[in-house]
> 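Below you will find the structure I want to go over with you.
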Amino acid sequence: MSVITQPTDLLRQQDPQMADVLEGERRRQAGSLQLIAAENFTSAAVLAALGSPLANKYAEGYPGNRYHGGCEYADLAEQTAVERAKVLFGAEHANVQPHSGSSAVLAAYAALLRPGDTVLAMGLPYGGHLTHGSPANFSGRWFDFVGYGVDAETGLIDYQQVQDLARAHRPKAIVCGSISYPRHPEYSAFREIADEVGAYLIADAAHPIGLVAGGAAPSPVPYADVVCATTHKVLRGPRGGMVLCGAEFAERIDRAVFPFTQGGAQMHTIAAKAVAFGEAARPAFTTYAHRVVANARALAGALEEHGFTITTGGTDTHLITADPAPLGMDGPTARGRLAAAGIVLDTCALPYGDQRGVRLGTAAVTTQGMGEAEMRRIAALFAAGLRGDGAKTRTEVNELAQEFPPYGE
Ligand SMILES: Cc1ncc(COP(=O)(O)O)c(C=O)c1O
């Protein structure tokens with residue numbers, strides 16, 4: 001019996017209805033292809049920490065300074081997570097309490113900005129996240145966001161435009177980071193522009209932070225005043241966020257997380273983050289991170305051969321954004337047909353035109369052990385799924401997924 005089925009078996013005796021839901025989700029994950037760029041399979045050790053007795057513990061505050069009693073093991077868990085994060089990313093300070101990537105960004109803004117301040121970030125139509133100024137999000141309501149874009153031809157960040165906008169608007173902070181940019185941001189260029197206009201530089205590295213941990217992407221830590229990240233994407237940890245910064249911002253960040261924007265820390269998640277950081281420090285994770293990128297490049301190349309237009313002409317990361325227009329359809333249509341074939345991905349804004357494209361990533365399939373040969377198989381399955389041979393493709397997708405069970409047999 002594998003570790004992932006045990007809780008379901010225990011639950012079945014107590015709550016068969018919910019056990020059925022969890023078993024359905026387990027089968028869905030194991031029987032289809034998970035290409036959502038923000039998802040991954042955590043290790044069984046991370047799942048064990050998430051399902052540990054620390055889930056019961058209240059621990060408002062920070063190690064050694066809690067509002068609750070009985071925090072000796074909670075303190076150890078958090079100290080371990082903080083120390084591992086600092087070493088892994090070469091940061092002077094780490095706060096591992098943010099409940100999510102959005103909470104990490106909220107804390108960064110709370111630490112550095114006042115409502116009404118101007119912030120320069122990637123515009124949402126080009127891949128900015130909701131927390132980068134969406135009117136539907138606190139960020140757009142409380143701050144005055146100015147959006148930079150990407151070059152319409154190349155899809156690459158236009159640093160001249162970033163500089164021009166920074167000079168014109170004199171933002172209090174510049175945010176670099178995106179939900180769909182498949183290339184490495186030039187952190188040194190952002191730093192120079194921020195310094196020129198006296199702005200803070202906030203790196204929202206939610207996507208690339210796992211590649212940074214594995215040495216497969218440049219680190220924003222030496223350049224940004226504050227780095228926000230998630231722990232659940234390529235990094236392969238539990239769902240959650242973290243903030244990294246220099247010693248000078250440590251106190252402001254800690255106060256911005258608790259008590260300003262959050263209450264009690266989720267200690268089971270923090271323990272699971274510590275487990276993930278420990279795993280990411282091992283040589284096997286370095287190999288993994290480089291394979292994620294090699295797989296993304298192979299998949300992008302194969303999708304191009306099957307007729308997709310690949311934004312920016314390729315990828316340096318786990319992320320691919322692609323336009324299915326040459327195949328006679330838009331992103332939402334492609335996503336629907338692929339979902340019917342068991343290939344799960346997102347749609348995304350494209351830097352040009354009105355049509356949406358598709359966004360996909362290779363973190364989860366690489367965790368399953370797939371390599372470049374499987375990426376070519378996946379691209380062929382895309383082509384078949386989009387032609388509309390749903391049922392036949394669904395069977396082949398299921399066979400491929402079953403060859404690489406995420407948690408072993
Ligand atoms: C760039 C960026 N920032 C922030 C977030 C928010 O993370 P979460 O969904 O954990 O709040 C994401 C999530 O995908 C992201 O890609």
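Order of appearance sets the numbers: ligands from 1, and atoms from 1 within every ligand.
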> Which of the numbered atoms in ligand 1 are below 4.0 angstrom from a heavy atom of His232?
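Listed by number with element: 10 (O).
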> State whether the shortest distance between N or O atoms of Ser102 and N or O atoms of ligand 1 falls below 3.5 angstrom.
yes
> Is the contact between Cys228 and ligand 1 made by the side chain, the backbone, both, or neither, using heavy atoms and a 4.0 Å cut-off?
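Within the 4.0 Å criterion, Cys228 makes no contact with ligand 1.
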> Counting N and O atoms only, with roles assigned by atom type, does the side chain of Arg291 sit under 3.5 Å from a partner on the main chain of Met370, one being a donor and the other an acceptor?
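Side chain of Arg291 to backbone of Met370: a pair is present.
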> Output yes when the distance from some N or O of ligand 1 to some N or O of Ala38 is under 3.5 Å, and no in every other case.
no
> First locate atom CD1 of Ile253, then atom CD of Glu248, and finally report the distance between them rounded to the nearest 0.5 Å.
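Nearest 0.5 Å value for the CD1-CD distance: 11.0 Å.
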> Which heavy atom of the protein is the closest neighbour of atom 13 (C) of ligand 1, given with residue, atom name and distance?
Lys233 NZ, 3.0 Å
> Select the closest option to atom 10 (O) of ligand 1 among Gly101, Ala203, Gly127, judged by heavy-atom distance.
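Considering heavy atoms of Gly101, Ala203, Gly127, the nearest to atom 10 (O) of ligand 1 sits in Gly101.
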> Salt bridge or not between Arg356 and Asp323? Use side-chain N to carboxylate O under 4.0 Å.
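No, this pair does not count.
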> Select one of side chain, backbone, both or neither to describe which atoms of His207 lie under 4.0 Å from any atom of ligand 1, heavy atoms only.
side chain
> Answer yes or no: is there a side-chain heavy-atom contact under 4.5 Å between Arg28 and Gln34?
yes
> With side chain to side chain contact (heavy atoms under 4.5 Å, CB included) as the criterion, how do Phe89 and Ile209 come out once you've worked through the C-alpha distance, each side chain's angles and the decisive distance to 0.1 Å?
CA-CA 9 Å; Phe89 298 107; Ile209 198 73; 3.6 Å; yes
> Answer yes or no: does an N/O atom from Ser103 fall short of 3.5 Å to an N/O atom of ligand 1?
no
> Measure from the ring center of Phe190 to the ring center of Tyr148 and say whether it is less than 6.0 Å.
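Yes - the distance between ring centres of Phe190 and Tyr148 falls below the 6.0 Å cut-off.
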> Using a strict cut-off of less than 4.0 Å between a Lys/Arg side-chain nitrogen and an Asp/Glu carboxylate oxygen, indicate whether Arg191 and Asp225 qualify as a salt bridge.
yes
> Is it true that Ser178 lies under 4.0 Å from ligand 1, counting heavy atoms only?
yes
> Salt bridge between Glu78 and Arg66, side-chain N to carboxylate O under 4.0 Å?
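Between Arg66 and Glu78 there is a salt bridge, with a charged N closer than 4.0 Å to a carboxylate O.
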> Decide whether an N or O pair under 3.5 Å exists between His132 and ligand 1.
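No: no nitrogen or oxygen of His132 is under 3.5 Å from one in ligand 1.
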> Between Ala206 and ligand 1, which part of the residue brings a heavy atom under 4.0 Å of the ligand: side chain, backbone, both or neither?
side chain
> Answer yes when Arg167 and Glu196 have at least one side-chain N-carboxylate O distance shorter than 4.0 Å, and no when they do not.
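Salt bridge between Arg167 and Glu196, a charged N being under 4.0 Å from a carboxylate O: yes.
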> Tell me the protein heavy atom at minimum distance from atom 3 (N) of ligand 1, and give that distance in Å.
Asp204 OD2, 2.6 Å
> Against heavy atoms of Thr230, which atoms of ligand 1 measure under 4.0 Å?
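Those qualifying, in numeric order: 7 (O), 10 (O).
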